[in-house]
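Below you'll find the structure, written out as structure tokens, and then a few comments.
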Amino acid sequence: MYQHLNELAQPIGLPVTRALCVGRNYLDHVQELNNEVPDDALLFMKPQPALCHMSEPIVIPDALGACHNELELTVLLKAPLCKASKDNVLAAIWGVGLGLDLTLRDVQSSLKAKGYPWERAKAFDFSCPLSCFIPVSQFSDLQDITFSLHINGDTRQQGNSKFMIRPMAELIAEMSHVFSLQAGDVILTGTPKGVGPLHAGDSITAALGQNLSVTTSVVV
Ligand code: ZN
């Protein structure tokens, strides 16, 4: 069973609820998929059965087309937020880690073409592998955090939170005006460019600056 873990792999005493996600929060990724920057944050959710440990083998669905990596800085909340200010948000953050927003890209493309919701492409079981979380006090600037994804030794994604269209506190405050956020919620803050298909047998390393690194593999 998934539990939120700290950097010593000890459980964090917060409930496992769901993941809140934002689409199109880095311009280079918006451009690689020929999308437009939305006026309001493009929000979606992954339910609790989507959450799993990134350190365990990543299970991608079989026979549903391409399953893409989207590595994202991920915030763990320790307190509820409703119609929050940016200062409220900063006081409610437990820490920051990494999340993979696994996306069935072919399924998503056909849903997008029909104007349908994205759950079939984004919210399937184990679609949200998460790393451990580093306490927020260990970051001097939330908007200057580097992270990267390496597949079979090749660098696939390199991001820095300074390039977010919506900075984390602003994004989470906006979310809290749409729906109430709960202690234990995780927020995936968008992917930089470099999304692409994963294959069974791939070896993946995800890194958050010098703070953490996770190596895992892909299975079907
Ligand atoms: Zn994403």
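Note that ligands are numbered from 1 as they come in the structure, with each ligand's atoms numbered from 1 the same way. Atoms considered below: every heavy atom in the structure, side chains included; atoms not considered: hydrogens, waters and symmetry mates. Keep in mind the model is a prediction, meaning the values are calculated, not measured.
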Donor-acceptor pair, side chain of [X] and main chain of [Y], under 3.5 angstrom:
{"X": "K46", "Y": "K122", "result": "yes"}
{"X": "E70", "Y": "G190", "result": "no"}
{"X": "Q157", "Y": "L71", "result": "yes"}

Flag for T191-H29: side-chain donor and acceptor within less than 3.5 Å: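 Short answer, no.
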
Side-chain donor-acceptor pair present, S176, K83, cut-off under 3.5 Å: no

Y2 ring center within less than 6.0 Å of H4 ring center: yes

Sum of protein N, O or S atoms, each under 2.8 Å from the Zn ion (ligand 1):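 Those protein atoms number 3 in total.
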
